[in-house]
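The structure under discussion appears below in the form of structure tokens.
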Amino acid sequence: MRSRCPHCEQRCPGYDRPNRPRQWRHLDMGGMRCFVQASVSRIRCPEHGVVTEMVPWARPAANMTRAFDDNVAWLAAHSPATSVCEYARVAWRSVTRIVTRVVDDAVGRTDRLQGL
Ligand SMILES: [Zn+2]
């Protein structure tokens, strides 16, 4: 079965399969950091080159799960920066990247004038 490109969702031929599984930071559980770990392949997309195959739990090129990204982005919109960093246990630079990913993902799918 051919995997999909995370950017264009096109089915692409495999490129290689790294020896080590990848990890994505997930929401903390019981005060402990939680990671999703999986063995994923890299694929060769004609448009985007060699990239890690699409996984349903994370956005392209992200080291965090969608749930973690969404949670941190919501916190960033409603809390001071220092609170977000301390609560999520990430650097402010990571928060900036997360917010950028979430906003890019939402563009075109969200009607910002709905309800006016
Ligand atoms: Zn692609």
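Residues: numbered from 1 along the sequence shown. Atoms within each ligand, like the ligands themselves, are counted from 1 in listed order.
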| request: Give a yes or no on whether C12 keeps an N, O or S atom under 2.8 Å from the Zn ion (ligand 1). | output: no
| Residue C45, metal the Zn ion (ligand 1), N/O/S under 2.8 Å | yes
| field | Test log, rule side-chain hydrogen bond (donor to acceptor under 3.5 Å, both in side chains), inputs R42 and T52 | value | CA-CA 4 Å; R42 291 194 303 169; T52 300; 6.0 Å; no
| Using 4.0 Å as the upper bound for N to carboxylate O, is an ion pair formed by D70 and R59? | yes
| Is the closest basic N to carboxylate O distance between D69 and R101 below 4.0 Å? | yes
| remark: In this structure, the Zn ion (ligand 1) sits at the vertex of an angle between ND1 of H48 and SG of C5 that rounds to 10° as 110°
| message | Check the orientation of H7 and H48. Use parallel for under 30°, tilted for 30 to 60°, and perpendicular for over 60°. | response | tilted
